[in-house]
Amino acid sequence: MRFGIGYDVHKLIENRKLILGGVEIPFEKGLDGHSDADVLCHTIADALLGAAALGDIGKHFPDTDQHFKGISSLLLLKNVSDLLHQYRYLINNVDVTLIMEKPKIISYVDLMRQNIAQSLSISIDKISIKATTNEGLGFIGKGEGAAAMAIASISETEEEL
């Protein structure tokens, strides 16, 4: 069994959609980034790539490549899943924590889990999503951004995937 840790952070800006776990959430600001800036998907991708010792999201999907401009991060996760399968890794589970003051995401978590599980070709019970605030401290606490942390577990298999 192998484990990887992911971390990502994005600034909140006006005139941008807020996408988390592939779900568009009504809010006055969205996360800034080259792709859709889905901080949950990005940190999961980094955790999975790290577990397999395959680099990070920037190596595979650089923000200098216009092909990835505005792309759905669920597609990036699908590419990570396909890459893991090429190296004969199975995803055991993913646990992610969103750190953001607003908006509250509790009513969107099940849909986020479903989207992520579908992109990774695993069952929804292997995806955990939690959220917390920064208690008003720092740039996250001031509502200027969001961060996410994830841990992922993968296993090697001899079988053709």
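Computed from a predicted model, the values in this text were never measured in an experiment. This chain uses plain numbering: 1 for the first residue, then up along the sequence.
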Could you pull out all residues at least two apart from [X] that satisfy side-chain contact (heavy atoms from CB on, under 4.5 Å)?
X      : result
Ala52  : Leu54, Leu84, Tyr89, Ile154
Lys102 : Phe27
Lys11  : Ile13, Asp32

**OP:** Determine whether more than 12 heavy atoms belonging to other residues, nucleotides or ligands lie under 6.0 Å from atom NZ of Lys17.
**Re:** no

List the atom of [X], the atom of [Y], and the distance in Å for their closest heavy-atom pair.
X      : Y     : answer
Arg16  : Gly33 : NH2-O, 3.2 Å
Gly22  : Asp38 : N-OD2, 2.8 Å
Ala148 : Leu40 : CB-CD2, 4.1 Å
Ala53  : Arg2  : CB-NH2, 3.6 Å
Ala47  : Gly6  : CB-N, 3.6 Å

Original post:
If you look only at pairs with a residue in residues 143-154, which of them pass as a side chain to side chain donor-acceptor pair (under 3.5 Å), with sequence neighbours excluded?
Top reply: Asn92-Ser153

**OP:** Please collect all side chain to side chain donor-acceptor pair (under 3.5 Å) contacts where either partner lies in residues 109-119, sequence neighbours excluded, each pair once.
**Re:** none

Does the side chain of [Y] come within less than 4.5 Å of [X]'s, by heavy atoms?
X      : Y      : value
Val39  : Met100 : no
Lys126 : Ile116 : no
Leu20  : Ile129 : no
Leu18  : Leu31  : yes
Met112 : Ile105 : yes

Quick one: name the residues clustered hydrophobically with [X], using the 4.5 Å side-chain heavy-atom rule over I, L, V, M, F, W, Y, and just say none if it's on its own.
X      : value
Met1   : Phe3
Ile19  : none
Met149 : Tyr7, Val9, Ile99, Phe139, Ile140

Identify, with sequence neighbours excluded, every residue that meets side-chain hydrogen bond (donor to acceptor under 3.5 Å, both in side chains) alongside [X].
X      : answer
Ser107 : none
Lys78  : Asp82
Thr132 : none
Ser72  : none

Subject >> Donor-acceptor pair, side chain of Ser128 and main chain of Asp95, under 3.5 angstrom >> reply: no

Subject >> Test item: Glu28 side-chain N/O and Glu14 main-chain N/O as donor-acceptor pair under 3.5 Å >> reply: no

Original post:
Side chains of Thr43 and Asp8: is there a donor and an acceptor less than 3.5 Å apart?
Top reply: no

Subject >> Side-chain donor-acceptor pair present, His42, Ser35, cut-off under 3.5 Å >> reply: yes

Original post:
Hey, what do you get for CZ (Phe61) to CD1 (Ile71), rounding to the nearest 0.5 Å?
Top reply: 8.0 Å

